[in-house]
Amino acid sequence: MRSCVACRTTKAKQELVRVVRLPEGRAQLDPRGRAPGRGAYLCRTQACLTLARKRRAVERALHVTIGPDDWAALKAGIL
């Protein structure tokens, strides 16, 4: 069981998508959920992605700043 960093609901790991911090300081989707590094989980919904961006929840969880291009890539990968 994992919890979404945006809405804080607890779900099975397979129901959430993992965002991982890369060594160069960027955030990227981890579709398999097995990439090494610090990770954060999000629901696969537009609402949770918007809420996470508004609250800076993913950035706070990963200790990284996410730029507009990375947010667009996350949105494309989640939806």
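- Contact between G77 and L29 at its shortest, heavy atoms only, is CA-CD1, 3.3 Å.
- Nearest heavy atom pair, residue R44 against residue L79, reads O-CD2, 4.4 Å.
- A donor-acceptor contact closer than 3.5 angstrom is absent between the side chains of H63 and R21.
- Atom CD1 of I66 is separated from atom CD of Q28 by 11.5 Å, given to the nearest 0.5 angstrom.
- With sequence neighbours left out, R56 forms a salt bridge (Lys or Arg N to Asp or Glu O under 4.0 Å) with E59.
- Taking both residues in full, the closest heavy atoms of W71 and L49 are given as CZ3-CD1, 3.9 Å, listed atom of the first, atom of the second, then distance.
- Nearest heavy atom pair, residue L62 against residue R38, reads CD2-O, 3.4 Å.
- Two residues are said to be in side-chain contact when any heavy atoms from C-beta on lie closer than 4.5 Å; P31 and V17 fail this criterion.
- With a 6.0 Å radius and a threshold of 12 heavy atoms from other residues, nucleotides or ligands, R26 has its CZ atom at or below the threshold.
- Judged purely by atom type and a 3.5 angstrom limit, D30 has no side-chain atom pairing as donor or acceptor with the backbone of V19.
- Taken from SG in C4 to CD in E15, the straight-line distance is 11.5 Å, to the nearest 0.5 Å.
- If you run side chain to side chain contact (heavy atoms under 4.5 Å, CB included) between Y41 and each of L16, V5, T10, only L16 comes through.
- Across every non-hydrogen atom of V20 and P36, the tightest pair is CG2-O, 3.6 Å.
- R60 is linked by a salt bridge (Lys or Arg N to Asp or Glu O under 4.0 Å) to nothing, counting only residues two or more places apart in sequence or in another chain.
- K11 has its side chain within reach of C43: a pair of non-hydrogen atoms, C-beta onward, lies under 4.5 Å apart.
- Between the NZ atom in K75 and the CZ atom in R53 there is a gap of 8.5 Å [rounded to 0.5 Å].
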